[in-house]
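Below: the structure, in structure tokens.
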Amino acid sequence: MATVMHGRRKGQQRDGKSLGPNVSGGMMLPDGTDLRQVTVLSKQDWERIECELNRKNIQDEMVRKIREDREEQKRKSKEIIKNWGNTIAGQRQRKLEARRIREEKEEEERKVIDLEEAKFQAQQRKEAIEKAKTQQYYQTDRVKAFHSALTLTEVLKEREAQVELKRLKEMAMIDQDKEYMKINQEMLDRSIQADQAKARLRIEAAKKTADFQTSQINEHLQTQDKIKVEDCKEGDELKKLAVQFQIEKERLESIRKDERKSLMKENMQQIHDVEKMKILQQRQDEEEDEECRVFAAAKRKMMKLRAQKEQDIHREKQAQLERIREKLAAQMKQKISDEEGRIKKATEETEQKRLQEERSKEEKLLKDIREQAQHRNKQLKEREEKLKKEKREELEMLEMRREADQIFRQNEFEKGIRRRHEADHLKNFHIDQYNERVNKEEEAKRAELALDKANVELIEKEEAQFQEYAKKVIDHCKEGGRNVYPLQKAAKEGAGGGLGPTFPGKGGIRPSYMVCDKSGVQMPHYQRDTTDETKLQVNGKNPSKNRLGFVW
């Protein structure tokens, strides 16, 4: 396939006439391209061909630009009319804004109601927590033991009451029926009054609940009526908007029909233009075919001239061979006739040639000797220069090694400094770690002491709270004429429930001491005479072996 170049076609002048072939060897480029097979185009033709090849892309780009311009105009129109109040969208936006404001107001009202409900729930939770704390406090072992003592006190009181009742029964055996009737009547009157009071409270509560529910129902009905009225208004407005939307839609449809018609007209015009372009392209192709035919005719003419010239050259070569053949025949004849002279002449020429060869050998030998001397001198000079260069390179290498050693020593010195800094940093880090660990241990000890102190304070606070509660209960029982000995015994100081002495430094707890045998029972809180005898037998009369207060 012929190579296309930007310019005029090879073999044509500016006026379209054919140029002759170039001189021999000038028709080939260094890369093997034959200039006779290269087509050179003008700038105008090149641009025309590019335009024809990229016509679809150019048309697509034009269509894309037109579409983008239309989209940009639509976007600008929407940006202009989006804030207008006299449009359907503007009215819809105002209604949505009013609805949003109404919903926000309702949400604020609901938030106030929710806040009140949250406060009520918080109060209920607080009361439930207080009740749970009280119940949990009542479930502790010490309070349960105290309540058990209180139950025993009540049992004792009941027992005393039963004894007193038995005595009264014995004393009032005569008027027993009258007394029973009186008591039953009093109890009946009290129960009736209590039932009436409870009924009044239930009626009042039911009335309040009914009034509240009635008000809620009325409020809900009013709200629903209001919502229905607003929905009706909004429905009427939506109907109006729908009619306006239909009118606007029909108008837009007519505009779209006009646009489609104009677009169809433009497409028909474009198709007509394309047909014209095709006709022009066909004419240009015909012109180019005519030029190709002219070029082919010129090329055939050149080939004929080249063949004729080759035939002329062949004839000249044949005539030259005939002349050489005739000359050789004459020379052979002359050679046969002059053979003896030629032998003598050949002998003389051989001798002269031998002498000439000997002289040339001597000259060559002398030349070789001179060249060897020159080469030897040159080698000596090169060797000396090489030795000087090697010595110079060795000195440079020595200097480089000296500098490298200096740099290495400097680096080692800097490394040593860095190691010392790192060692100092590590030492400081270890010191900081040690101090931090010591501080943490001290902090842990302080926290433990603070925790112990807080536990002691808590135990003391609980003890004070229990003693206050026990004192109130005991005083109340005393006022009621009950036997408070079990309560006083259960309310003695010292938590823990043991029989040992209290620990003043540990919040006044009272621990339990277990025996060393397998029974695991608690040691008694009394001391017999056998204990003193055992101590005397084991320890003797040493005054340092006194009791430590573990028993009493």
Side-chain angles (χ1 to χ4, degrees), residues 56-128 205-271:
K56 184 171 180 9
N57 295 332
I58 293 170
Q59 291 177 357
D60 294 340
E61 184 67 21
M62 291 174 63
V63 172
R64 187 182 63 80
K65 286 184 179 179
I66 292 170
R67 190 182 297 110
E68 289 180 355
D69 292 338
R70 288 179 180 175
E71 293 294 333
E72 183 65 20
Q73 290 178 0
K74 288 181 181 179
R75 188 186 63 79
K76 289 181 180 179
S77 299
K78 289 181 180 179
E79 288 291 333
I80 291 170
I81 67 172
K82 70 178 183 179
N83 295 323
W84 289 358
N86 57 353
T87 60
I88 296 173
Q91 294 177 2
R92 180 65 177 172
Q93 188 67 27
R94 285 201 306 274
K95 290 176 181 179
L96 292 174
E97 185 68 22
R99 186 174 181 179
R100 185 182 62 79
I101 293 171
R102 185 175 65 253
E103 289 177 354
E104 289 180 356
K105 186 176 179 181
E106 293 175 356
E107 182 66 23
E108 292 295 332
E109 294 176 356
R110 285 195 294 270
K111 285 182 180 179
V112 172
I113 295 172
D114 292 339
L115 183 60
E116 293 177 356
E117 181 65 22
K119 290 181 180 179
F120 177 74
Q121 294 293 336
Q123 184 65 26
Q124 294 291 327
R125 286 195 298 272
K126 186 176 179 181
E127 292 177 358
K207 186 178 180 181
K208 288 181 180 179
T209 303
D211 294 337
F212 178 72
Q213 290 177 352
T214 303
S215 63
Q216 274 191 339
I217 292 168
N218 294 328
E219 185 178 355
H220 290 167
L221 292 174
Q222 291 176 2
T223 305
Q224 290 178 0
D225 294 337
K226 187 176 180 181
I227 291 171
K228 287 180 180 178
V229 171
E230 290 179 354
D231 290 338
C232 292
K233 290 181 180 179
E234 189 173 358
D236 296 335
E237 291 178 357
L238 289 174
K239 288 179 181 178
K240 293 178 181 179
L241 292 174
V243 173
Q244 294 177 1
F245 174 74
Q246 188 66 28
I247 295 169
E248 189 70 19
K249 185 177 179 182
E250 292 176 356
R251 188 173 66 82
L252 291 174
E253 187 65 27
S254 63
I255 292 171
R256 290 194 186 96
K257 287 181 180 179
D258 295 336
E259 289 180 353
R260 286 197 293 271
K261 288 180 181 179
S262 62
L263 184 61
M264 180 64 72
K265 187 176 180 181
E266 291 176 359
N267 290 333
M268 296 298 294
Q269 183 66 28
Q270 189 174 4
I271 291 168

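The figures here come from the full heavy-atom set of this structure, side chains too, leaving out hydrogens, waters and symmetry mates.
For residues 244-253, the pairs satisfying salt bridge (Lys or Arg N to Asp or Glu O under 4.0 Å) are E248-R251, E253-R256, E253-R260, with sequence neighbours left out. Here salt bridge (Lys or Arg N to Asp or Glu O under 4.0 Å) pairs that include residues 213-233, with residues two or more places apart or in two chains, are R102-E230.
In terms of the side-chain hydrogen bond (donor to acceptor under 3.5 Å, both in side chains) criterion, residue partners of E237 (sequence neighbours excluded) are, by chain and number, K95. Remark: E117 pairs with Q121 by the side-chain hydrogen bond (donor to acceptor under 3.5 Å, both in side chains) rule, at least two apart or across chains. Every residue two or more places apart in sequence or in another chain that forms a side-chain hydrogen bond (donor to acceptor under 3.5 Å, both in side chains) with R100 is listed here: E97, E104. Taking the side chain to side chain contact (heavy atoms under 4.5 Å, CB included) definition, one finds that Q124 meets it with F120, E127, sequence neighbours left out. With sequence neighbours excluded, no residue forms a side-chain hydrogen bond (donor to acceptor under 3.5 Å, both in side chains) with Q270.
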Report, one line per pair, each donor and acceptor closer than 3.5 Å where one atom sits in a side chain of residues 57-74; sequence neighbours left out.
from, atom 1, to, atom 2, distance (Å)
E61, OE1, R64, NE, 3.4
E61, OE1, R64, NH2, 3.3
E61, OE2, R64, NH2, 2.2
R64, NH1, E68, OE1, 3.3
R64, NH1, E68, OE2, 2.3
E72, OE1, R75, NE, 3.4
E72, OE2, R75, NH2, 2.4

Would you list the atom pairs, donor with acceptor, under 3.5 Å between side chains in residues 107-114 and any protein atom, with sequence neighbours excluded?
from, atom 1, to, atom 2, distance (Å)
E107, OE1, R110, NE, 3.4
E107, OE1, R110, NH2, 2.7

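Residue I247 holds its CD1 atom at 12.0 Å from CG of L252, rounded to the nearest 0.5 Å. We find the OG1-CD distance between T209 and Q216 to be 10.5 Å, quoted to the nearest 0.5 Å.
L263 is not listed as a side-chain neighbour of E259, based on a closest heavy-atom distance of 4.5 Å or more.
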